[in-house]
Every structure is written in structure tokens, then in C-alpha cells.
Amino acid sequence: MYEALKQAAYEANLKLPAAKLCLATWGNASQADRQAGVMAIKPSGVDYAAMKPEDMVIVSLSTGEVLEGGLRPSSDTDTHLELYRAFPNIGGVVHTHSRWATIFAQAGRDIPALGTTHADTFYGPVPCAPALTEEQINSAYETNTGLVLAACCKEHYESIPAGLVKCHGPFTWGASADKALENAIILEEVAMMAWHSIQLGAVPVDDFLLDKHYFRKHGPGAYYGQK
């Protein structure tokens with residue numbers, strides 16, 4: 001069952017190292033089927049080159065129960081689940097430890113909106129959620145990671161489809177795993193640009209320019225691209 005869902009998750013996961021967002025087995029992608037109430041996610045610790053579509057693990061969105069698959073799901077499964085539960089309009093989640101976005105996460109800093117490259121995708125600074133407490137880490141670490149991130153990002157999760165967790169790394173989401181991957185690629189690029197621009201004294205983009213670039217690509221009045 002769920003062959004198309006597994007294939008979509010598999011293809012998104014393979015693109016993570018291809019996009020240079022992941023070294024070793026550091027990242028994971030999931031794709032949800034809201035109607036079926038399940039997600040497909042990468043198996044834990046399996047090398048990307050060795051994976052097959054049938055290795056993707058099917059997990060219940062409501063209970064977290066593994067419904068199909070002979071391998072353990074990603075250790076970040078519970079974080080993905082909390083994001084799906086908190087953000088009802090998403091169908092894919094990506095987590096990486098990509099270099100530049102993780103630098104901001106380790107510093108506990110938002111990624112500021114410094115120009116139009118950022119504004120085309122993220123309508124404001126990409127927020128960094130606070131570090132987990134010792135109690136949160138020792139009780140239900142992955143679940144609490146998702147809860148902390150969701151609380152930080154919930155108000156703007158559609159217009160800023162990304163967030164950082166302090167001392168950890170970035171998460172992105174979207175309508176599908178492929179869209180979450182695209183957002184992860186863009187996030188890494190704007191994080192790199194932001195780090196260097198800050199060294200040169202850059203300040204956040206004016207609100208009217210942020211508005212122009214975001215809304216020409218998103219919303220009812222968007223005119224970027226083809227109909």
C-alpha cells in the first residue's frame with residue numbers, strides 16, 4: 001500500500017544530499033497523505049545511496065504508530081508529526097543540518113529579511129525557537145522539539161514556511177515534500193547571504209519592498225510566473 005506516497009518521500013529524501021543540504025545521514029523528508037491520515041518518512045540512519053522506495057516507513061499522523069515498513073522510522077518522526085498536527089495546510093516536512101542555516105540556529109538567531117531574495121519566499125525573518133530545557137530534552141525530546149518549533153512559527157507558518165530550533169537546526173515545510181525541499185534550498189541560500197551581508201552592515205529590507213516581492217509571487221494578486 002501507499003506506493004505513490006513512498007515514492008514521493010523517497011525522491012525528496014534523495015534530493016537532500018544532491019542539493020548539498022545533508023552530509024552522511026543528517027537529514028530527512030516526509031510526505032503526508034491527509035486523507036489517509038498517514039505520512040511516509042525516511043528510515044533512521046539509512047544511507048541515501050542504499051535506500052529504496054519500499055524502505056520508506058508509513059506512520060499514522062494521529063497516533064504515531066508505524067503502519068507499514070520493516071525499518072525504524074527517522075528519529076525525528078515525532079517532530080514531523082507535531083508539525084503536521086500544528087500546521088493543517090502542509091503536506092511535507094524537511095529537516096536538515098545545512099551549514100548556514102544551522103549556524104544561525106546554533107547562535108539562537110533569526111535569519112533576518114535583508115533583501116528581495118529572502119522576501120520572494122519568506123515574508124519576514126525566519127524565526128529561531130528557543131532551546132529546549134533539560135526537562136523537555138529528557139522527557140520527550142523529539143515531540144518537544146516539534147512543540148517548541150510549532151509554537152514559535154504557528155502564527156506565520158504559511159507565509160514563513162521555515163523555522164530554526166536553537167542549538168539544533170532548520171526545518172521547512174510546504175504543500176508537499178518537494179515544496180518543503182525547495183524551501184530548504186532557498187533557506188540555506190538566504191542564510192548564507194544573510195551571514196555575509198550582516199558582516200557588511202546590512203539592515204532589514206523596507207516593509208514596502210518586502211510586501212512587493214512577497215505578494216507578487218503569493219496570494220490572489222500574484223503575477224510572477226505563468227497562469
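FYI, the numbering just counts along the sequence from 1.
With sequence neighbours left out, the side-chain hydrogen bond (donor to acceptor under 3.5 Å, both in side chains) criterion links Asn28 to Ser74, Asp76, His80. Residues that satisfy the salt bridge (charged side-chain N to carboxylate O under 4.0 Å, His left out) test with Glu182, not counting sequence neighbours, are Lys179.
Side-chain contact, Gln7 with Glu11: a donor N or O sits under 3.5 Å from an acceptor N or O. There is no side-chain donor-acceptor pair under 3.5 Å between Thr121 and Asn183.
Taking 4.5 Å as the limit, some side-chain heavy atom of Ile198 sits within range of a side-chain heavy atom of Leu114. The side-chain heavy atoms of Met51 and Tyr10, taken from C-beta on, include a pair separated by under 4.5 Å. Between Leu187 and Phe122, some side-chain heavy-atom pair lies under the 4.5 Å cut-off. In this structure, the side chains of Leu210 and Tyr123 come closer than 4.5 Å at one or more pairs of heavy atoms. Put simply, the side chain of Thr77 does not reach to within 4.5 Å of the side chain of Arg72, judged on heavy atoms.
No single ILVMFWY cluster, assembled from side-chain heavy atoms under 4.5 Å apart, contains both Trp26 and Leu21. Under the 4.5 Å side-chain contact rule for hydrophobic residues, Leu71 and Leu67 do not share a cluster. Both Leu5 and Met1 belong to a single network of hydrophobic side chains, linked directly or stepwise wherever heavy atoms of I, L, V, M, F, W or Y lie under 4.5 Å apart. In this structure, Leu14 is not a member of the same hydrophobic cluster as Tyr2, with clusters built from ILVMFWY side-chain heavy atoms closer than 4.5 Å.
What you find for Pro53 and Lys6 is that their closest heavy atoms are O-CB, 3.5 Å. Looking at every heavy atom in both residues, Ser30 comes nearest to Ala177 through O-CB, 3.4 Å. Here the closest heavy-atom approach between residue Ala184 and residue Thr172 is recorded as CB-OG1, 3.5 Å. Across every non-hydrogen atom of Lys166 and Ala131, the tightest pair is CB-N, 3.5 Å. Listed here is the closest heavy atom pair of Val94 and Ala29: CG2-CB, 3.8 Å. In plain terms, the two heavy atoms of Gly163 and Cys153 that are nearest each other are CA-SG, 3.9 Å.
Interatomic distance, CG of Leu209 versus OH of Tyr214, reported as 15.0 Å (0.5 Å rounding). Atom CD of Glu68 is separated from atom OG of Ser60 by 13.0 Å, given to the nearest 0.5 angstrom. In this structure, Glu3 CD and Met56 CE are separated by 12.0 Å, a value rounded to the nearest 0.5 Å. Rounded to the nearest 0.5 Å, atoms CD (Gln136) and OG1 (Thr145) are 8.5 Å apart.
Within a 6.0 Å sphere centred on CZ of Arg85, other residues, nucleotides and ligands contribute more than 12 heavy atoms. Enclosure of atom CD in Glu134 is not indicated, since only 12 or fewer non-hydrogen atoms of other residues, nucleotides or ligands lie within 6.0 angstrom.
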Side-chain donor-acceptor pairs of residues 216-225 under 3.5 Å, sequence neighbours excluded:
{"unit_1": "His218", "atom_1": "NE2", "unit_2": "Asp120", "atom_2": "O", "d": "2.8"}
{"unit_1": "Tyr223", "atom_1": "OH", "unit_2": "Lys212", "atom_2": "NZ", "d": "3.3"}

Donor-acceptor pairs are to be reported for all side-chain atoms of residues 99-111 against protein atoms at under 3.5 Å, with residues two or more places apart or in another chain.
{"unit_1": "Thr102", "atom_1": "OG1", "unit_2": "His97", "atom_2": "O", "d": "3.4"}
{"unit_1": "Thr102", "atom_1": "OG1", "unit_2": "Ser98", "atom_2": "O", "d": "2.6"}
{"unit_1": "Asp110", "atom_1": "OD1", "unit_2": "Cys128", "atom_2": "N", "d": "2.8"}

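Looking only at distances, a side-chain donor or acceptor of His118 sits under 3.5 Å from a matching main-chain atom of Gly124. Without hydrogens or angle criteria, Thr79 side chain to Glu142 main chain gives a donor-acceptor distance under 3.5 Å. Proximity of a side-chain donor or acceptor of Glu189 to a complementary backbone N or O of Ile185 within less than 3.5 Å is not detected. In terms of modelled atom types and a separation under 3.5 Å, the side chain of His168 and the main chain of Leu164 share no donor-acceptor contact.
Annotation: salt bridge (charged side-chain N to carboxylate O under 4.0 Å, His left out) contacts involving residues 42-61, sequence neighbours excluded, comprise Lys52-Asp55.
Applying the 4.5 Å side-chain rule to ILVMFWY residues, one finds Met39, Ile41, Val57, Val59, Leu61, Val66, Leu81, Leu83, Tyr84, Phe87, Ile90, Val93, Leu132, Ile137, Val148, Leu149, Tyr157, Val165, Phe171, Trp173 in the same cluster as Tyr141.
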